[in-house]
Amino acid sequence: MSKTVKALLTACALAAAAGTAIAQEQVVNLYSARHYSTDEALYTGFTKATGIKINRVDADDAGILARLKAEGTASPADVILLVDAARLYRGETDGLFQPIRSKVLEDAIPANLRGQPAADGGISWFGLSTRARLIVFNKAKVQKSDVDTYEELADPKNKGKLCIRSGSHPYNLSLFGSVTEHMGEQKAEAWLKGMVANLARAPKGGDTDQIKAVAAGECDIAVTNSYYLARMMRSSKPEDVAVVNKVGVVFPNQQSWGTHMNIAGGAVARHAKNQANAVKFLEYLASPEAQNYFANGNNEWPAVKGLNVDNPALKAMAQDQPFKSETIPISAVGANVTKVQQMLDRVGFP
């Protein structure tokens, strides 16, 4: 055999081997609204454990849902991660997710923190971490007993004291959807009207801005997701320490239905090309290792039942005691959002 033929055969063999390696490369394509740098450890951990490479596209919840609709069957997405129950519900009702069966996920995630089963028993999305919607208050001006329920946000005794971000923000839409589920539409609308009357200023900024506004005296009470407060509690910046020292925190409605818990969650995309890898990724996010990353990295409570949290800020926030969280299906919260948006328009909630 000539040297030329041998060289050609060797080249062909190498090309074939390379092609086989490419064909065998395992990937999962992720569209994520989780913009937290601490999540990088999650992705690294998954690839290390499984050999599956993650290709990630970052956007906000609304942008991801719009992109999935525009891409249709051509979408490369395998897994979707969103940070709000109402948006997960919307993705399900718009047919953007595919119901899956996973004993790992069904055993790990409580039924109220996932989508309702489809006709074949498959579930379209699962909550993977939770965040409490809390009330913070100025300790020098407000008694905790005057703000220990969501209902009191609308009480005339708190007129001119309330700071809150826009009513149309997903975190508030989900809170308002929860209150609507507990109170009924008529009482919930009256409650929203009362909050408008109690505003200290027009809604602006994010949750961290509301906490800072309480400390600065712009208002006396505010609403925030727990992980924003936990970030400040874990900060060593003098300005953050000063804010934290001025505010108290309430887990509302401990004597009634419990504190509203929103979720960050995941789903398998309707047109996933790597469906098995997508399910593996979601199952990994429900593992004790990943759940601890959620708790310690981004100050979220695990969605998985029975896991202990070792985050010092979360422990301090709850005074190292268990707290009562609501148990209504989070899917019902999402289903109420359209009604809530109409109520917000009627009462003039900015």
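- Listed here is the closest heavy atom pair of T130 and I263: CG2-CG2, 4.1 Å.
- Note that the CH2 atom of W257 and the CD atom of E181 stand 11.0 Å from one another [nearest 0.5 Å].
- Among S166, P203, S168, the single residue meeting the side chain to side chain contact (heavy atoms under 4.5 Å, CB included) criterion with P350 is P203.
- Between atom NZ of residue K315 and atom CG of residue D320 there is a gap of 5.5 Å, rounded to the nearest 0.5 Å.
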Can you check side chain to side chain donor-acceptor pair (under 3.5 Å) on Q26 and N277, steps first, answer last? CA-CA 8 Å; Q26 293 291 303; N277 290 349; 3.0 Å; yes
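- No side-chain heavy atom of F281 sits less than 4.5 Å from a side-chain heavy atom of L42.
- Checking each of D146, V250, V147 against I221 for a side chain to side chain contact (heavy atoms under 4.5 Å, CB included) leaves exactly one that passes, namely V147.
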What's the verdict on salt bridge (charged side-chain N to carboxylate O under 4.0 Å, His left out) for R101 and E106, showing C-alpha distance, side-chain angles and the deciding distance? CA-CA 8 Å; R101 297 302 304 267; E106 290 171 26; 3.3 Å; yes
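- Panel note: side chain Q210, backbone G206; a donor-acceptor pair is recorded below 3.5 Å.
- Taking the six-membered ring where tryptophan is involved, the planes of F251 and W301 are perpendicular, since the angle between them exceeds 60° and thus also 30°.
- Here the shortest heavy-atom pairing between H260 and V333 reads CE1-CG1, 4.4 Å.
- Between atom CZ of residue R87 and atom CG of residue L65 there is a gap of 7.0 Å, rounded to the nearest 0.5 Å.
- Put simply, CD on E218 and NZ on K204 are 5.5 Å apart, with the number rounded to the nearest 0.5 Å.
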